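Written below as structure tokens is the structure these notes are about.
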Amino acid sequence: MRKTVISLLLLLLCVTGLYGCGQQSGNSRSNHIAVGISADFDYLNPLLIQLSLSREVCTHIYPTLVKPEYNEEKGEITYKPSSAKSWDFSADGKKATFHLRADAVWEDGKKVTSRDFKFSYSLYKNPKIASSRQDYLDDLLLLPDGTADIERAVETPDDSTLVLHFNKPLAKEIVLDHFNDLMPVARHVFTAIPADEIRSRAAELPIVGAGPFKVKEWKRQEKLVLVSSESSVLPHPAVTGTITFLVIPEYTTRLAMLKSEQIDALISAGGITPRDAVELKTTNPEIAIKPVRNRYFDSVVWLNIDGEQYRSSRTIASNRFFGDAAVRRAMTYAIDRESIIDGFMGPDHAVIVNTSLSPAYSAITNRSMEPFAYNPAKARELLKAAGWSAGPDGILQKNGVRFSFELAAPVGNPRRNYAATIIQQNLRDIGIECRLRFDESLIFNKNQNEFRYDAALSGLAAETLPFQLIIWGSDFANRPFNSSAFRNAELDRVIAELSGPLDGTRQATLWKTYQQILNDEQPRTFLYYYDELEGFGGRMKNVEVNLLSTLYNVYDWKLKP
């Protein structure tokens with residue numbers, strides 16, 4: 001069935017003549033960039049997005065307050081103007097004022113104003129919209145019920161001034177990172193849509209932006225077509241008239257299309273495998289390989305709770321396999337991460353980690369932690385101490401329960417497919433039955449959010465320190481990135497303190513404590529941060545990728561004649 005779908009897609013591409021079949025080679029396109037991706041976007045509405053690539057695209061459709069910039073030499077993130085031309089903070093850290101551009105307009109010609117932002121914050125707050133970034137608003141002044149007091153906390157004295165009032169002192173970088181992520185929708189469009197229906201009516205919502213691109217067409221599971229928005233000043237209309245993201249689930253098909261110039265770029269889902277990248281230097285030297293380093297990590301998410309019981313009654317009970325931290329540590333000892341790296345990525349393109357923190361932040365790395373080197377004997381020892389012993393069929397058991405579970409992973413990602421097979425064998429070697437399950441990306445993401453997997457081979461783009469502070473939290477119902485449902489009161493306290501303004505010494509101490517807790521508890525088996533090797537055809541110009549984004553300057557991408 002899958003091969004049939006792929007064949008039909010390729011036939012469609014040939015018929016349209018856009019992506020290089022027969023006489024229509026890549027060189028016939030001068031103002032139309034084609035990008036191959038492995039899976040569709042979840043949403044194109046900033047209120048609803050969760051997938052990292054969806055967020056990247058939305059930052060080029062909707063207004064953002066600022067433009068983050070990564071300084072690789074200093075290893076730090078700074079911010080440039082975008083919708084906000086300038087900003088300032090009160091001395092006590094409890095107020096931020098953004099001075100907005102007066103010339104930014106939505107694609108229908110209406111002015112972007114401070115009221116768009118305030119209105120959108122009220123939507124982000126709505127529990128029925130269930131935004132993955134809803135908790136950012138918890139830093140604002142609060143109502144007695146503990147929710148954000150949007151009316152009092154967000155002032156709009158005029159169209160070009162946005163004032164935020166916080167319930168506690170906040171670090172400047174927290175404010176800039178979090179409220180930059182709360183991209184607004186157009187108030188004059190969404191006032192006509194009942195807020196409680198926004199999620200249920202997601203497929204029919206209008207997409208009205210103010211960024212360098214606007215949406216021309218979106219055929220789910222097939223393609224997204226963006227065109228340059230001529231009225232945009234954020235920062236300017238896209239240089240190339242059209243960019244199409246083609247959903248091509250099979251990696252080998254994506255690669256073949258890049259080689260034959262049917263697509264101009266291959267990104268996401270791990271990009272190009274290191275082995276193929278080496279080969280391309282000989283067979284297709286015109287293809288540029290651009291690494292996105294220290295942004296993405298893979299991990300095995302161990303569900304800490306009984307997912308079925310939580311879904312049915314919202315009560316919390318320990319997961320029969322992974323509720324015990326000793327068992328989770330045993331799983332990390334049992335997995336040969338070096339073997340995965342050596343067999344697929346190579347040591348130059350991945351680094352083993354034991355927490356979610358990116359290696360980019362070497363200045364605050366805790367170097368005194370347990371490294372969890374591959375040690376199956378140690379894993380067996382921990383499991384035995386936790387009450388697991390070999391059953392008659394050789395599989396570990398405890399209180400009549402066999403240690404047998406499914407490890408889920410998304411389709412279309414050869415790196416994770418490879419890792420899953422190694423993990424399955426590693427666990428078999430210590431008496432654990434691990435069955436592999438591969439789901440389409442959107443289904444995988446939904447099932448993870450609903451705690452339907454005991455274990456999942458998953459990943460995150462975790463490039464900023466402020467984002468690290470929202471991955472975890474004992475109130476996991478409101479922390480969608482905490483897909484292990486991990487709870488730890490001490491970690492909650494550390495996260496809360498790190499959100500405020502601190503001197504460098506105290507901040508470094510807290511970050512080391514943050515890492516120590518994750519290292520000791522292993523809510524995930526953190527596998528590695530890896531280089532995602534993005535591929536760009538020989539005609540592509542002006543492409544910049546970095547820690548923050550693959551599509552960082554997509555509005556400047558263009559094709560050589």
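This is a predicted model, so every value here is computed, not measured. All residue numbers in this chain count up from 1 along the given sequence.
Atom OG1 of Thr113 is separated from atom CZ of Phe119 by 11.0 Å, given to the nearest 0.5 angstrom. For the atom pair CG of Leu551 and OH of Tyr555, the computed distance is 11.0 Å after rounding to the nearest 0.5 Å. Of the inter-residue distances, the one linking Lys216 atom NZ with Lys214 atom NZ reads 10.5 Å to the nearest 0.5 angstrom.
Side chain of Arg479 to main chain of Trp472: a donor-acceptor pair is present (N/O by atom type, distance under 3.5 Å, no hydrogens or angles). Formation of a donor-acceptor pair under 3.5 Å by the Asn553 side chain with backbone atoms of Glu544 is found in this model. In this structure, the side chain of Arg254 engages the main chain of Ile248 through a donor-acceptor pair within 3.5 Å. Asn31 contributes a side-chain N or O that, together with a main-chain N or O of Gly241, makes up a donor-acceptor pair within less than 3.5 Å. A donor-acceptor distance shorter than 3.5 angstrom exists from the side chain of Ser232 to the backbone of Ala210, with no hydrogens or angles considered. Using modelled atom types, one side-chain atom of Ser358 and one backbone atom of Asn294 make a donor-acceptor pair closer than 3.5 Å. Side chain of Tyr124 to main chain of Met183: a donor-acceptor pair is present (N/O by atom type, distance under 3.5 Å, no hydrogens or angles). A donor-acceptor contact shorter than 3.5 Å is absent between the side chain of Asp177 and the backbone of Pro466. The backbone N or O of Trp557 lies less than 3.5 Å from a partner atom in the side chain of Thr240, making a donor-acceptor pair. Put simply, the side chain of Thr421 gets close to the backbone of Tyr418: a donor and an acceptor are under 3.5 Å apart.
Between Asn447 and Tyr453, the side chains place a donor N or O and an acceptor N or O closer than 3.5 Å (distance only, hydrogens not considered). If you check the side chains of Ser549 and Glu56, you find a donor sitting under 3.5 Å from an acceptor. No hydrogens or angles considered: a donor-acceptor pair under 3.5 Å links the side chains of Asp108 and His188. For the residue pair His32 and Asp264, no side-chain donor N or O sits within less than 3.5 Å of a side-chain acceptor on the partner. Of the N and O atoms on the side chains of Glu534 and Thr550, at least one donor lies less than 3.5 Å from an acceptor on the other residue. Side chain to side chain, Ser356 and Gln468 meet the donor-acceptor criterion of an N or O pair below 3.5 Å. Thr64 and Thr59 share no donor-acceptor pair across their side chains, judged by distance under 3.5 Å alone. Donor-acceptor pairing under 3.5 Å is recorded for the side chains of Trp106 and Asp116. A side-chain donor-acceptor contact under 3.5 Å links Ser260 and Gln262.
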| task | Decide side-chain hydrogen bond (donor to acceptor under 3.5 Å, both in side chains) for Asn546 and Glu69; before the verdict, give the C-alpha distance in whole Å, the side-chain angles of both, and the deciding distance to 0.1 Å. | result | CA-CA 9 Å; Asn546 59 34; Glu69 183 175 54; over 6 Å; no
| message | Checking Val112 against Phe117 for the side-chain contact (heavy atoms from CB on, under 4.5 Å) test, could you report, in this order, the C-alpha distance in whole Å, the side-chain angles of both residues, the deciding distance, and whether it holds? | response | CA-CA 9 Å; Val112 176; Phe117 287 86; 4.2 Å; yes
| task | Apply ring pair (Phe, Tyr, Trp, His ring centres under 6.0 Å) to the pair Tyr530 and His349, showing each step before the final yes or no. | result | CA-CA 6 Å; Tyr530 61 90; His349 292 296; over 10 Å; no
| query | Are Glu76 and Tyr70 close enough, and set up right, to give a side-chain contact (heavy atoms from CB on, under 4.5 Å), and what steps lead you there? | reply | CA-CA 6 Å; Glu76 63 183 23; Tyr70 178 63; 6.0 Å; no
| request: Dump the intermediate steps for salt bridge (Lys or Arg N to Asp or Glu O under 4.0 Å) on Lys118 and Glu151, then the final yes or no. | output: CA-CA 8 Å; Lys118 180 170 184 173; Glu151 189 57 40; 3.4 Å; yes
| said: Asn482 vs Ser484, test: side-chain hydrogen bond (donor to acceptor under 3.5 Å, both in side chains). Steps then yes/no. | reply: CA-CA 5 Å; Asn482 184 3; Ser484 60; 3.3 Å; yes
| Ile198/Leu47 under side-chain contact (heavy atoms from CB on, under 4.5 Å): CA gap, chis, key distance, verdict | CA-CA 9 Å; Ile198 284 177; Leu47 302 169; 4.2 Å; yes
| message | I'd like to know whether Leu559 forms a side-chain contact (heavy atoms from CB on, under 4.5 Å) with Met540, so could you lay out the CA-CA distance, the side-chain angles of the two residues, the decisive distance to 0.1 Å, and finally the verdict. | response | CA-CA 5 Å; Leu559 293 173; Met540 290 287 289; 3.6 Å; yes
| message | Let's go through Arg220 and Glu222 carefully: what are the C-alpha distance in whole Å and the side-chain angles of both, what is the deciding distance for salt bridge (Lys or Arg N to Asp or Glu O under 4.0 Å) to 0.1 Å, and is it a yes or a no? | response | CA-CA 5 Å; Arg220 297 306 305 257; Glu222 185 181 318; over 6 Å; no
| said: What verdict does the salt bridge (Lys or Arg N to Asp or Glu O under 4.0 Å) test give for Glu450 and Lys446, after you've listed the backbone C-alpha separation in whole Å, the side-chain angles of each residue and the deciding distance to 0.1 Å? | reply: CA-CA 6 Å; Glu450 296 174 355; Lys446 180 176 183 294; 2.9 Å; yes
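At a threshold of 4.5 Å between non-hydrogen side-chain atoms, the residues Ser38 and Pro249 do not count as touching. Counting heavy atoms from C-beta outward, Lys125 and Ile150 have side chains that approach closer than 4.5 Å. You'll find the side chain of Tyr121 reaches within 4.5 Å of the side chain of Leu137, heavy atoms only. The shortest side-chain heavy-atom distance between Asp42 and Ile49 falls under the 4.5 Å cut-off. Considering only heavy atoms from C-beta on, Arg55 stays 4.5 Å or farther from Tyr43 through its side chain. Side-chain contact between Phe536 and Leu258: absent, with no pair of heavy atoms (C-beta onward) separated by less than 4.5 Å. In this structure, the side chains of Gln448 and Phe481 stay at 4.5 Å or more apart for every pair of heavy atoms. Contact check for Val35 versus Ile267: side-chain heavy atoms found under the 4.5 Å cut-off.
Looking at every heavy atom in both residues, Tyr62 comes nearest to Gly209 through CD2-CA, 4.4 Å. Here the shortest heavy-atom pairing between Gly535 and Ile289 reads CA-CD1, 4.4 Å. Here the closest heavy-atom approach between residue Ala277 and residue Leu533 is recorded as CB-CD1, 4.0 Å. A pairwise comparison of heavy atoms in Leu234 and Ala104 identifies CD1-CB, 4.1 Å as the closest pair. Contact between Val301 and Ser458 at its shortest, heavy atoms only, is CG2-CB, 4.0 Å. Contact record, Ala419 with Tyr528: CB-OH, 3.7 Å, taken as the closest heavy-atom pair.
Within a 6.0 Å sphere centred on NZ of Lys558, other residues, nucleotides and ligands contribute 12 heavy atoms or fewer. Within 6.0 Å of NZ on Lys111 lie more than 12 heavy atoms contributed by other residues, nucleotides or ligands. Summarising the local packing, CD of Glu230 is surrounded by 12 or fewer heavy atoms from other residues, nucleotides or ligands at distances under 6.0 Å.
Looking at Glu286 and Arg539, no side-chain N of the basic residue comes within less than 4.0 Å of a carboxylate O on the acidic one, giving no salt bridge. Salt-bridge check for Arg133 with Asp181: passed, with a basic side-chain N closer than 4.0 Å to an acidic carboxylate O. The residues Glu279 and Lys281 are annotated as not salt-bridged, no charged nitrogen and carboxylate oxygen being separated by less than 4.0 angstrom. Salt bridge annotation for Arg437-Glu406: present, with a cationic side-chain nitrogen under 4.0 angstrom from a carboxylate oxygen.
For Arg295 and Tyr529, the positive end is not near the middle of the six-membered ring at less than 6.0 Å and at most 45° from its axis.
Between Phe98 and Trp87, the angle of the ring planes lies from 30° to 60°, which puts this pair in the tilted group.
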